Amino acid sequence: MTKPYTITTAISYPNGRPHIGHAYEAIATDAFARFQRMMGRDVFFQTGTDEHGLKMAQTARAKGISPAELAEEMSSHFRAMDDALNISYDRFIRTTEPAHHRASQALWQAMAASDDLYLDRYEGWYSVRDEAFYDEKELTAGEGGEKLSPQGTPVEWTVEESWFFRLSKYQQPLLDHYNAHPEFIQPDSRRNEVMRFVEGGLSDLSVSRTSFDWGVKVPGSEGHVRPAEGPQHVMPAEGSQHVMYVWVDALTNYLTGCGYPDDPERMARYWAKGGDITHIIGKDIVRFHAVYWPAFLMSANLPLPRQVFGHGFLLNRGEKMSKSLGNVADPLELAERFGVDQLRYFLLAEVSFGNDGSYSAEAIVQKANSDLANSFGNLAQRTLSFIAKNLEGRLPVANATGSKEDAELSHEVSSSCSQDIPGYFSQLAPSDAIEFWMRAVFACNAYIDAQAPWALRKTDPARMEAVLATLYVAIGQLAIAIRPIIPASADALLDQMGVPVDVRTYAGLTGNWYADLVASGFTLAPPKPLFPRLELPAEAPE
(Lines give C-alpha, C1' and ligand atoms only; values in the text may rest on other atoms or scores of the structure.)
Protein backbone atom coordinates (compact mmCIF):
# COMPACT_ATOMS: atom_id res chain seq x y z
CA MET A 1 0.00 0.00 0.00
CA THR A 2 1.43 3.40 -1.00
CA LYS A 3 1.98 6.19 1.49
CA PRO A 4 -0.47 9.08 1.63
CA TYR A 5 0.75 12.12 -0.27
CA THR A 6 0.63 15.63 1.20
CA ILE A 7 1.29 18.59 -1.10
CA THR A 8 0.94 22.30 -0.44
CA THR A 9 1.36 25.63 -2.12
CA ALA A 10 2.75 28.50 -0.13
CA ILE A 11 -0.16 30.36 1.38
CA SER A 12 -0.63 33.66 -0.43
CA TYR A 13 -0.23 37.03 1.27
CA PRO A 14 -3.49 38.82 0.41
CA ASN A 15 -2.56 42.48 0.78
CA GLY A 16 -3.32 42.73 -2.96
CA ARG A 17 -5.30 40.79 -5.54
CA PRO A 18 -3.89 37.55 -6.98
CA HIS A 19 -1.58 37.82 -9.99
CA ILE A 20 -0.39 35.31 -12.57
CA GLY A 21 2.45 34.13 -10.29
CA HIS A 22 -0.08 32.97 -7.70
CA ALA A 23 -2.02 31.18 -10.44
CA TYR A 24 1.12 29.48 -11.78
CA GLU A 25 1.97 27.97 -8.39
CA ALA A 26 -1.61 26.87 -7.78
CA ILE A 27 -1.94 25.28 -11.25
CA ALA A 28 1.36 23.40 -10.98
CA THR A 29 0.58 22.09 -7.50
CA ASP A 30 -2.90 21.11 -8.63
CA ALA A 31 -1.45 19.12 -11.53
CA PHE A 32 0.84 17.21 -9.15
CA ALA A 33 -2.04 16.50 -6.77
CA ARG A 34 -4.28 15.29 -9.60
CA PHE A 35 -1.45 13.09 -10.91
CA GLN A 36 -0.97 11.43 -7.53
CA ARG A 37 -4.72 10.81 -7.21
CA MET A 38 -4.62 9.17 -10.66
CA MET A 39 -1.85 6.94 -9.32
CA GLY A 40 -4.32 5.70 -6.72
CA ARG A 41 -2.83 7.56 -3.77
CA ASP A 42 -4.54 9.14 -0.76
CA VAL A 43 -3.80 12.82 -1.41
CA PHE A 44 -4.14 15.86 0.82
CA PHE A 45 -3.69 19.13 -1.10
CA GLN A 46 -3.72 22.40 0.84
CA THR A 47 -3.55 26.03 -0.19
CA GLY A 48 -4.85 29.23 1.37
CA THR A 49 -4.00 32.72 2.58
CA ASP A 50 -1.52 34.14 5.09
CA GLU A 51 -3.48 36.96 6.70
CA HIS A 52 -1.36 38.35 9.55
CA GLY A 53 1.62 40.68 9.74
CA LEU A 54 2.58 44.31 9.54
CA LYS A 55 1.91 44.60 5.79
CA MET A 56 -1.72 43.59 6.26
CA ALA A 57 -2.13 45.98 9.19
CA GLN A 58 -0.65 48.88 7.19
CA THR A 59 -2.71 48.12 4.07
CA ALA A 60 -5.91 47.95 6.13
CA ARG A 61 -5.09 51.24 7.85
CA ALA A 62 -4.54 52.92 4.48
CA LYS A 63 -7.96 51.67 3.33
CA GLY A 64 -9.66 52.80 6.52
CA ILE A 65 -10.82 49.31 7.47
CA SER A 66 -9.78 46.74 10.05
CA PRO A 67 -7.20 44.05 9.23
CA ALA A 68 -9.91 41.41 9.75
CA GLU A 69 -12.14 43.10 7.16
CA LEU A 70 -9.25 43.33 4.70
CA ALA A 71 -8.37 39.67 5.25
CA GLU A 72 -11.96 38.58 4.67
CA GLU A 73 -12.25 40.60 1.46
CA MET A 74 -8.89 39.71 -0.05
CA SER A 75 -8.88 36.03 0.90
CA SER A 76 -12.12 35.66 -1.04
CA HIS A 77 -10.33 36.79 -4.22
CA PHE A 78 -7.72 34.05 -3.86
CA ARG A 79 -10.34 31.38 -3.24
CA ALA A 80 -12.28 32.64 -6.27
CA MET A 81 -9.12 32.42 -8.38
CA ASP A 82 -8.51 28.84 -7.29
CA ASP A 83 -12.09 27.84 -8.02
CA ALA A 84 -12.08 29.53 -11.43
CA LEU A 85 -8.82 27.79 -12.39
CA ASN A 86 -10.18 24.37 -11.37
CA ILE A 87 -7.76 23.96 -8.46
CA SER A 88 -8.74 20.74 -6.67
CA TYR A 89 -7.62 21.73 -3.17
CA ASP A 90 -8.79 19.62 -0.24
CA ARG A 91 -8.48 22.52 2.16
CA PHE A 92 -8.27 26.26 1.69
CA ILE A 93 -6.79 27.43 4.96
CA ARG A 94 -6.88 30.92 6.43
CA THR A 95 -4.43 31.80 9.17
CA THR A 96 -7.11 33.78 10.99
CA GLU A 97 -8.96 30.53 11.76
CA PRO A 98 -9.12 29.63 15.50
CA ALA A 99 -7.76 26.14 14.72
CA HIS A 100 -4.68 27.72 13.19
CA HIS A 101 -4.10 29.97 16.20
CA ARG A 102 -4.29 26.85 18.36
CA ALA A 103 -1.74 25.03 16.20
CA SER A 104 0.66 28.00 16.11
CA GLN A 105 0.57 28.38 19.87
CA ALA A 106 1.08 24.63 20.33
CA LEU A 107 4.17 24.76 18.09
CA TRP A 108 5.46 27.74 20.05
CA GLN A 109 5.03 25.88 23.33
CA ALA A 110 6.80 22.82 21.91
CA MET A 111 9.78 24.99 20.92
CA ALA A 112 9.74 26.62 24.36
CA ALA A 113 9.77 23.16 25.96
CA SER A 114 13.00 22.47 24.06
CA ASP A 115 14.51 25.63 25.61
CA ASP A 116 14.80 27.20 22.18
CA LEU A 117 13.06 30.52 22.93
CA TYR A 118 14.42 33.43 24.94
CA LEU A 119 13.53 37.08 25.41
CA ASP A 120 15.85 39.88 24.27
CA ARG A 121 15.81 43.12 22.29
CA TYR A 122 15.95 43.03 18.51
CA GLU A 123 18.03 45.64 16.73
CA GLY A 124 18.44 45.11 13.02
CA TRP A 125 17.19 45.48 9.48
CA TYR A 126 13.62 44.51 8.63
CA SER A 127 11.74 44.51 5.31
CA VAL A 128 8.04 45.16 5.76
CA ARG A 129 7.32 44.01 2.20
CA ASP A 130 9.15 40.68 2.68
CA GLU A 131 8.12 40.36 6.36
CA ALA A 132 11.74 39.29 6.87
CA PHE A 133 14.81 40.16 8.94
CA TYR A 134 18.18 40.53 7.21
CA ASP A 135 21.80 40.67 8.33
CA GLU A 136 23.92 43.64 7.30
CA LYS A 137 26.02 41.39 5.05
CA GLU A 138 22.96 40.51 2.96
CA LEU A 139 22.01 44.08 2.08
CA THR A 140 22.84 45.99 -1.09
CA ALA A 141 22.85 49.71 -1.83
CA GLY A 142 20.06 51.17 -3.91
CA GLU A 143 19.67 54.60 -5.46
CA GLY A 144 20.77 57.34 -3.10
CA GLY A 145 22.42 54.82 -0.80
CA GLU A 146 19.10 53.28 0.30
CA LYS A 147 19.64 49.86 1.83
CA LEU A 148 17.85 47.02 0.06
CA SER A 149 17.14 43.38 0.91
CA PRO A 150 18.30 40.52 -1.34
CA GLN A 151 14.86 40.78 -2.98
CA GLY A 152 15.42 44.48 -3.77
CA THR A 153 12.90 45.70 -1.19
CA PRO A 154 13.56 48.59 1.23
CA VAL A 155 14.63 47.74 4.77
CA GLU A 156 14.34 49.80 7.92
CA TRP A 157 16.27 49.71 11.19
CA THR A 158 14.04 48.17 13.85
CA VAL A 159 14.48 48.14 17.62
CA GLU A 160 11.98 46.35 19.83
CA GLU A 161 11.65 43.71 22.50
CA SER A 162 11.42 40.27 20.95
CA TRP A 163 11.41 36.58 21.63
CA PHE A 164 14.26 34.83 19.84
CA PHE A 165 14.49 31.30 18.47
CA ARG A 166 17.85 29.56 18.86
CA LEU A 167 18.36 29.08 15.13
CA SER A 168 22.13 28.92 15.58
CA LYS A 169 21.69 25.69 17.55
CA TYR A 170 20.34 24.00 14.40
CA GLN A 171 23.06 24.97 11.92
CA GLN A 172 24.79 21.59 12.01
CA PRO A 173 21.60 19.50 12.26
CA LEU A 174 20.30 21.30 9.15
CA LEU A 175 23.51 20.71 7.22
CA ASP A 176 23.46 17.06 8.27
CA HIS A 177 19.88 16.75 7.02
CA TYR A 178 20.69 18.41 3.68
CA ASN A 179 23.60 16.03 3.15
CA ALA A 180 21.64 12.94 4.16
CA HIS A 181 18.62 13.94 2.06
CA PRO A 182 19.79 15.75 -1.10
CA GLU A 183 16.22 15.63 -2.43
CA PHE A 184 15.02 17.80 0.48
CA ILE A 185 15.65 21.07 -1.41
CA GLN A 186 15.09 21.12 -5.15
CA PRO A 187 16.08 22.05 -7.76
CA ASP A 188 19.81 21.72 -7.08
CA SER A 189 20.42 25.42 -7.69
CA ARG A 190 18.16 26.26 -4.72
CA ARG A 191 19.82 23.56 -2.63
CA ASN A 192 23.25 25.01 -3.30
CA GLU A 193 22.08 28.52 -2.34
CA VAL A 194 20.65 27.29 0.95
CA MET A 195 23.72 25.19 1.75
CA ARG A 196 25.99 28.23 1.26
CA PHE A 197 23.72 30.40 3.40
CA VAL A 198 23.66 27.94 6.31
CA GLU A 199 27.37 27.16 6.06
CA GLY A 200 28.00 30.91 6.42
CA GLY A 201 26.60 30.77 9.95
CA LEU A 202 23.10 31.20 11.39
CA SER A 203 22.09 33.92 13.81
CA ASP A 204 19.27 33.43 16.27
CA LEU A 205 15.96 34.56 14.81
CA SER A 206 13.59 37.18 16.17
CA VAL A 207 10.20 35.44 16.31
CA SER A 208 7.84 37.95 17.91
CA ARG A 209 6.80 41.58 17.49
CA THR A 210 5.38 44.17 19.88
CA SER A 211 5.06 47.10 17.47
CA PHE A 212 1.70 45.85 16.14
CA ASP A 213 -0.95 43.41 17.33
CA TRP A 214 -2.36 41.84 14.14
CA GLY A 215 -1.18 38.28 14.54
CA VAL A 216 -1.24 35.13 16.65
CA LYS A 217 -0.66 36.01 20.30
CA VAL A 218 2.42 34.52 21.90
CA PRO A 219 1.33 32.25 24.76
CA GLY A 220 2.01 34.00 28.07
CA SER A 221 3.60 36.98 26.36
CA GLU A 222 2.81 39.27 29.29
CA GLY A 223 5.07 37.36 31.63
CA HIS A 224 3.27 34.03 32.06
CA VAL A 225 5.89 32.02 30.15
CA ARG A 226 9.28 32.23 31.82
CA PRO A 227 12.03 32.88 29.25
CA ALA A 228 15.26 30.92 29.28
CA GLU A 229 17.93 32.14 31.70
CA GLY A 230 21.18 33.56 30.37
CA PRO A 231 23.07 36.73 29.58
CA GLN A 232 20.54 37.68 26.89
CA HIS A 233 17.58 37.51 29.26
CA VAL A 234 15.41 40.63 29.17
CA MET A 235 12.16 41.05 31.09
CA PRO A 236 9.11 41.99 29.02
CA ALA A 237 8.20 45.65 28.97
CA GLU A 238 5.26 46.37 31.21
CA GLY A 239 1.98 45.58 29.44
CA SER A 240 3.70 44.48 26.23
CA GLN A 241 1.79 42.01 24.08
CA HIS A 242 3.83 39.87 21.72
CA VAL A 243 2.46 38.49 18.49
CA MET A 244 4.30 35.82 16.55
CA TYR A 245 6.60 36.76 13.70
CA VAL A 246 4.38 36.22 10.69
CA TRP A 247 6.57 33.41 9.29
CA VAL A 248 6.24 31.30 12.47
CA ASP A 249 2.50 31.64 12.14
CA ALA A 250 2.46 31.19 8.34
CA LEU A 251 4.63 28.08 8.19
CA THR A 252 2.54 26.38 10.85
CA ASN A 253 -0.42 26.33 8.45
CA TYR A 254 0.91 23.08 7.00
CA LEU A 255 0.57 21.41 10.40
CA THR A 256 -2.86 22.93 11.04
CA GLY A 257 -4.26 21.27 7.92
CA CYS A 258 -2.84 17.93 8.98
CA GLY A 259 -4.56 17.99 12.37
CA TYR A 260 -1.91 19.40 14.69
CA PRO A 261 -2.07 19.33 17.67
CA ASP A 262 -5.44 17.77 18.48
CA ASP A 263 -5.92 15.06 15.81
CA PRO A 264 -3.06 12.55 16.10
CA GLU A 265 -4.81 10.13 13.73
CA ARG A 266 -4.86 12.72 10.95
CA MET A 267 -1.27 13.73 11.72
CA ALA A 268 -0.20 10.09 11.44
CA ARG A 269 -1.89 9.96 8.05
CA TYR A 270 -0.66 13.19 6.44
CA TRP A 271 2.35 14.39 8.48
CA ALA A 272 4.08 11.20 9.59
CA LYS A 273 7.78 10.56 10.06
CA GLY A 274 9.08 9.44 6.68
CA GLY A 275 5.87 10.69 5.05
CA ASP A 276 5.67 11.89 1.45
CA ILE A 277 5.21 15.63 2.08
CA THR A 278 6.02 18.25 -0.58
CA HIS A 279 5.96 22.04 -0.40
CA ILE A 280 5.70 23.88 -3.75
CA ILE A 281 6.89 27.47 -3.24
CA GLY A 282 8.43 30.41 -5.06
CA LYS A 283 12.22 30.65 -5.11
CA ASP A 284 12.13 33.90 -3.11
CA ILE A 285 10.85 32.14 0.02
CA VAL A 286 13.05 29.04 -0.06
CA ARG A 287 15.04 30.20 2.99
CA PHE A 288 11.94 30.32 5.18
CA HIS A 289 10.88 26.82 4.13
CA ALA A 290 14.28 25.14 3.92
CA VAL A 291 16.03 26.74 6.93
CA TYR A 292 13.58 28.22 9.44
CA TRP A 293 10.79 25.68 8.97
CA PRO A 294 12.83 22.47 9.42
CA ALA A 295 14.59 24.08 12.41
CA PHE A 296 11.22 24.85 14.04
CA LEU A 297 10.09 21.27 13.40
CA MET A 298 13.32 19.80 14.80
CA SER A 299 12.88 21.93 17.91
CA ALA A 300 9.27 20.77 18.32
CA ASN A 301 10.25 17.11 17.70
CA LEU A 302 7.98 16.91 14.67
CA PRO A 303 8.64 15.20 11.29
CA LEU A 304 10.17 17.18 8.45
CA PRO A 305 8.67 17.36 4.94
CA ARG A 306 10.30 15.18 2.30
CA GLN A 307 10.84 17.98 -0.20
CA VAL A 308 10.78 21.75 -0.62
CA PHE A 309 10.65 22.70 -4.32
CA GLY A 310 11.36 26.32 -5.21
CA HIS A 311 9.96 27.18 -8.64
CA GLY A 312 11.01 30.16 -10.72
CA PHE A 313 9.28 33.43 -11.53
CA LEU A 314 6.95 34.19 -14.42
CA LEU A 315 8.11 37.16 -16.46
CA ASN A 316 5.85 39.29 -18.64
CA ARG A 317 7.62 39.39 -22.01
CA GLY A 318 10.89 38.78 -20.21
CA GLU A 319 10.37 41.50 -17.58
CA LYS A 320 9.62 40.93 -13.91
CA MET A 321 6.09 41.96 -13.06
CA SER A 322 5.62 45.14 -11.07
CA LYS A 323 2.82 47.59 -10.49
CA SER A 324 5.09 50.48 -11.49
CA LEU A 325 5.61 48.93 -14.93
CA GLY A 326 1.91 48.22 -15.27
CA ASN A 327 2.53 44.64 -16.40
CA VAL A 328 0.90 42.68 -13.56
CA ALA A 329 -1.53 40.27 -15.21
CA ASP A 330 -4.86 39.20 -13.74
CA PRO A 331 -5.05 35.41 -14.13
CA LEU A 332 -8.85 35.45 -14.28
CA GLU A 333 -8.76 37.87 -17.22
CA LEU A 334 -6.28 35.60 -19.01
CA ALA A 335 -8.42 32.52 -18.29
CA GLU A 336 -11.56 34.26 -19.53
CA ARG A 337 -9.82 35.46 -22.68
CA PHE A 338 -8.01 32.25 -23.63
CA GLY A 339 -9.69 29.46 -21.62
CA VAL A 340 -8.81 27.90 -18.29
CA ASP A 341 -7.29 24.73 -19.72
CA GLN A 342 -5.44 26.63 -22.43
CA LEU A 343 -3.84 28.82 -19.74
CA ARG A 344 -3.03 25.81 -17.55
CA TYR A 345 -1.48 23.99 -20.51
CA PHE A 346 0.63 26.94 -21.61
CA LEU A 347 2.07 27.64 -18.17
CA LEU A 348 3.08 24.03 -17.54
CA ALA A 349 4.24 23.26 -21.09
CA GLU A 350 6.18 26.42 -21.82
CA VAL A 351 8.05 26.86 -18.53
CA SER A 352 10.56 24.28 -17.31
CA PHE A 353 9.45 23.89 -13.70
CA GLY A 354 12.11 25.32 -11.42
CA ASN A 355 13.36 27.90 -13.92
CA ASP A 356 12.06 31.37 -14.68
CA GLY A 357 9.72 31.58 -17.65
CA SER A 358 8.12 34.22 -19.82
CA TYR A 359 4.56 34.61 -21.04
CA SER A 360 2.63 36.87 -23.36
CA ALA A 361 -0.76 36.83 -25.02
CA GLU A 362 0.88 35.92 -28.33
CA ALA A 363 2.75 32.99 -26.76
CA ILE A 364 -0.39 31.63 -25.10
CA VAL A 365 -2.36 31.80 -28.36
CA GLN A 366 0.44 30.20 -30.38
CA LYS A 367 0.95 27.32 -27.94
CA ALA A 368 -2.74 26.61 -27.43
CA ASN A 369 -3.47 26.65 -31.16
CA SER A 370 -0.43 24.61 -32.13
CA ASP A 371 -0.66 21.84 -29.51
CA LEU A 372 -4.27 21.73 -28.40
CA ALA A 373 -6.36 22.94 -31.36
CA ASN A 374 -4.26 21.85 -34.35
CA SER A 375 -2.58 18.72 -33.02
CA PHE A 376 -4.59 16.95 -30.32
CA GLY A 377 -7.97 18.61 -30.84
CA ASN A 378 -7.89 18.06 -34.60
CA LEU A 379 -6.79 14.44 -34.14
CA ALA A 380 -9.74 13.73 -31.85
CA GLN A 381 -12.23 15.70 -33.93
CA ARG A 382 -11.50 14.14 -37.29
CA THR A 383 -11.25 10.60 -35.89
CA LEU A 384 -14.44 10.73 -33.85
CA SER A 385 -16.37 12.65 -36.53
CA PHE A 386 -15.39 10.01 -39.09
CA ILE A 387 -16.68 7.23 -36.80
CA ALA A 388 -19.90 9.07 -36.01
CA LYS A 389 -20.58 9.75 -39.69
CA ASN A 390 -19.37 6.60 -41.46
CA LEU A 391 -20.19 3.99 -38.81
CA GLU A 392 -23.23 5.82 -37.48
CA GLY A 393 -21.54 6.03 -34.10
CA ARG A 394 -20.88 2.28 -33.79
CA LEU A 395 -17.44 1.70 -32.34
CA PRO A 396 -15.05 0.18 -34.90
CA VAL A 397 -14.01 -3.45 -34.63
CA ALA A 398 -10.40 -3.94 -33.61
CA ASN A 399 -8.39 -6.48 -35.63
CA ALA A 400 -7.22 -9.25 -33.32
CA THR A 401 -3.89 -9.55 -35.13
CA GLY A 402 -3.50 -6.05 -36.51
CA SER A 403 -0.66 -4.68 -38.57
CA LYS A 404 2.89 -3.78 -37.61
CA GLU A 405 1.95 -0.09 -37.82
CA ASP A 406 -0.98 -0.59 -35.45
CA ALA A 407 1.21 -2.38 -32.91
CA GLU A 408 3.96 0.23 -33.12
CA LEU A 409 1.57 3.11 -32.54
CA SER A 410 -0.25 1.33 -29.72
CA HIS A 411 3.06 0.56 -28.02
CA GLU A 412 4.37 4.11 -28.34
CA VAL A 413 1.19 5.73 -27.03
CA SER A 414 0.69 3.20 -24.24
CA SER A 415 4.32 3.45 -23.15
CA SER A 416 4.30 7.24 -23.14
CA CYS A 417 1.00 7.46 -21.27
CA SER A 418 1.62 4.76 -18.66
CA GLN A 419 5.39 5.14 -18.10
CA ASP A 420 7.09 8.26 -19.45
CA ILE A 421 4.42 10.82 -18.55
CA PRO A 422 3.84 9.51 -15.00
CA GLY A 423 7.59 9.28 -14.54
CA TYR A 424 8.09 12.95 -15.30
CA PHE A 425 5.10 14.02 -13.22
CA SER A 426 6.57 12.14 -10.24
CA GLN A 427 9.77 14.17 -10.75
CA LEU A 428 7.77 17.44 -10.74
CA ALA A 429 8.69 17.99 -14.38
CA PRO A 430 5.38 18.79 -16.13
CA SER A 431 6.96 20.32 -19.24
CA ASP A 432 8.85 17.07 -19.87
CA ALA A 433 5.66 15.06 -19.34
CA ILE A 434 3.89 17.26 -21.87
CA GLU A 435 6.75 16.88 -24.34
CA PHE A 436 6.32 13.08 -24.31
CA TRP A 437 2.55 13.50 -24.60
CA MET A 438 3.01 15.66 -27.69
CA ARG A 439 5.36 13.10 -29.24
CA ALA A 440 2.59 10.54 -28.91
CA VAL A 441 0.06 13.00 -30.38
CA PHE A 442 2.37 13.61 -33.35
CA ALA A 443 2.75 9.85 -33.81
CA CYS A 444 -1.04 9.49 -33.98
CA ASN A 445 -1.35 12.27 -36.55
CA ALA A 446 1.39 10.71 -38.67
CA TYR A 447 -0.38 7.32 -38.39
CA ILE A 448 -3.80 8.60 -39.47
CA ASP A 449 -2.26 10.44 -42.43
CA ALA A 450 -0.33 7.35 -43.49
CA GLN A 451 -3.22 4.90 -43.04
CA ALA A 452 -5.82 7.23 -44.59
CA PRO A 453 -9.00 5.59 -43.27
CA TRP A 454 -11.05 7.80 -45.61
CA ALA A 455 -9.45 5.99 -48.55
CA LEU A 456 -9.87 2.57 -46.90
CA ARG A 457 -13.62 3.13 -46.51
CA LYS A 458 -14.24 1.89 -50.07
CA THR A 459 -11.25 -0.39 -50.63
CA ASP A 460 -10.91 -2.23 -47.28
CA PRO A 461 -13.62 -1.49 -44.68
CA ALA A 462 -12.24 -4.05 -42.22
CA ARG A 463 -8.83 -2.40 -42.30
CA MET A 464 -10.49 0.99 -41.92
CA GLU A 465 -12.16 -0.19 -38.72
CA ALA A 466 -8.89 -1.58 -37.36
CA VAL A 467 -7.21 1.78 -37.93
CA LEU A 468 -10.07 3.68 -36.31
CA ALA A 469 -10.13 1.32 -33.32
CA THR A 470 -6.38 1.81 -32.84
CA LEU A 471 -6.87 5.56 -32.92
CA TYR A 472 -9.86 5.46 -30.57
CA VAL A 473 -7.83 3.66 -27.92
CA ALA A 474 -4.85 5.97 -28.43
CA ILE A 475 -6.98 9.12 -28.14
CA GLY A 476 -8.58 7.78 -24.97
CA GLN A 477 -5.18 7.02 -23.46
CA LEU A 478 -3.84 10.45 -24.42
CA ALA A 479 -6.87 12.16 -22.87
CA ILE A 480 -6.45 10.21 -19.63
CA ALA A 481 -2.70 10.90 -19.45
CA ILE A 482 -3.11 14.67 -19.82
CA ARG A 483 -5.94 14.99 -17.26
CA PRO A 484 -3.69 16.56 -14.56
CA ILE A 485 -2.92 19.45 -16.92
CA ILE A 486 -6.25 20.07 -18.70
CA PRO A 487 -8.77 18.24 -16.48
CA ALA A 488 -12.01 19.78 -17.75
CA SER A 489 -11.19 19.38 -21.45
CA ALA A 490 -9.82 15.87 -21.06
CA ASP A 491 -12.89 14.74 -19.12
CA ALA A 492 -15.23 16.39 -21.63
CA LEU A 493 -13.56 14.34 -24.39
CA LEU A 494 -13.62 11.14 -22.35
CA ASP A 495 -17.31 11.72 -21.58
CA GLN A 496 -18.02 12.03 -25.31
CA MET A 497 -16.07 8.82 -25.90
CA GLY A 498 -17.92 6.92 -23.16
CA VAL A 499 -14.74 6.08 -21.24
CA PRO A 500 -15.82 5.11 -17.70
CA VAL A 501 -14.68 7.32 -14.82
CA ASP A 502 -13.00 4.41 -13.02
CA VAL A 503 -10.74 3.84 -16.04
CA ARG A 504 -9.35 7.39 -15.99
CA THR A 505 -6.18 6.52 -14.10
CA TYR A 506 -2.65 5.61 -15.12
CA ALA A 507 -3.29 1.98 -14.24
CA GLY A 508 -6.68 1.95 -15.94
CA LEU A 509 -5.67 3.47 -19.27
CA THR A 510 -3.82 0.31 -20.37
CA GLY A 511 -6.68 -2.04 -19.47
CA ASN A 512 -9.35 -3.60 -21.70
CA TRP A 513 -11.70 -0.65 -21.44
CA TYR A 514 -12.21 -0.43 -25.21
CA ALA A 515 -13.39 -4.03 -25.57
CA ASP A 516 -15.75 -3.48 -22.63
CA LEU A 517 -17.06 -0.29 -24.24
CA VAL A 518 -17.70 -2.09 -27.56
CA ALA A 519 -19.46 -4.93 -25.74
CA SER A 520 -21.70 -2.44 -23.93
CA GLY A 521 -23.12 -1.24 -27.26
CA PHE A 522 -22.00 2.35 -26.72
CA THR A 523 -22.85 4.67 -29.60
CA LEU A 524 -20.67 7.69 -30.30
CA ALA A 525 -22.53 10.94 -30.92
CA PRO A 526 -21.12 13.54 -33.31
CA PRO A 527 -18.31 15.14 -31.28
CA LYS A 528 -18.11 18.73 -30.19
CA PRO A 529 -14.82 20.54 -30.88
CA LEU A 530 -12.70 20.76 -27.75
CA PHE A 531 -10.33 23.59 -28.52
CA PRO A 532 -11.61 26.36 -30.78
CA ARG A 533 -8.76 28.27 -32.37
CA LEU A 534 -7.79 31.34 -30.41
CA GLU A 535 -7.34 34.75 -31.94
CA LEU A 536 -5.31 37.58 -30.50
CA PRO A 537 -7.57 40.37 -29.26
CA ALA A 538 -7.30 43.55 -31.29
CA GLU A 539 -5.07 46.14 -29.68
CA ALA A 540 -6.97 49.04 -28.21
CA PRO A 541 -6.32 52.31 -30.09
CA GLU A 542 -3.91 54.60 -28.31
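Nothing here was measured: the structure is a model prediction, and the numbers come from that model.
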Aromatic ring proximity, centroids under 6.0 angstrom, Phe288 and Trp247 | yes

Mind checking whether Tyr170 and His177 have ring centres under 6.0 Å apart?
-> no

Less than 4.0 Å between a side-chain N and a carboxylate O, is that true for Asp249 and Lys217?
-> no

Applying ring pair (Phe, Tyr, Trp, His ring centres under 6.0 Å), name anything that partners Phe338, two or more places apart in sequence or on another chain.
-> none

Arg17/Glu73 ion pair, N-O < 4.0 Å = no

Indicate, with yes or no, if the rings of Phe165 and Tyr118 have centres closer together than 6.0 Å.
-> no

Is the shortest side-chain N to carboxylate O distance from Glu123 to Arg121 below 4.0 Å?
-> yes

Quick check, are the ring centers of Phe309 and His279 under 6.0 angstrom apart?
-> no

Salt bridge (charged side-chain N to carboxylate O under 4.0 Å, His left out) pairs, two or more places apart, involving residues 48-61 = Glu51-Arg94

What pair of heavy atoms forms the shortest contact from Ala23 to Leu85, and how long is it?
-> CB-CD1, 3.6 Å

Pairs satisfying side chain to side chain donor-acceptor pair (under 3.5 Å), at least one member in residues 425-437, at least two apart | Glu435-Arg439

For residues 53-74, the ring-ring contact (aromatic ring centres under 6.0 Å, His included) pairs (sequence neighbours left out) are none

Between Glu161 and Arg209, is the closest basic N to carboxylate O distance under 4.0 Å?
-> no

Over-ring placement of Arg102 relative to Tyr260, 6.0 Å and 45° cut-offs | no

Listed by chain and number, what are the side-chain hydrogen bond (donor to acceptor under 3.5 Å, both in side chains) partners of Thr95, not counting sequence neighbours?
-> none

Salt bridge or not for Glu136 and Lys147, using N-O below 4.0 Å?
-> yes

Matching residue for Tyr270 among Asp42, Asp263, Asp276, Thr6 - test: side-chain hydrogen bond (donor to acceptor under 3.5 Å, both in side chains) = Asp42

Any pair with a residue in residues 196-219 that passes ring-ring contact (aromatic ring centres under 6.0 Å, His included), sequence neighbours left out, goes on the list, sorted by first then second residue, please.
-> His52-Trp214

Determine whether Pro487 and Arg344 make a side-chain contact, defined as any pair of heavy atoms from C-beta on separated by less than 4.5 Å.
-> yes

Assess the pair Tyr424 and Phe436: is the distance between their ring centroids shorter than 6.0 Å?
-> yes

Side-chain donor-acceptor pair present, Tyr89, Asp83, cut-off under 3.5 Å | yes

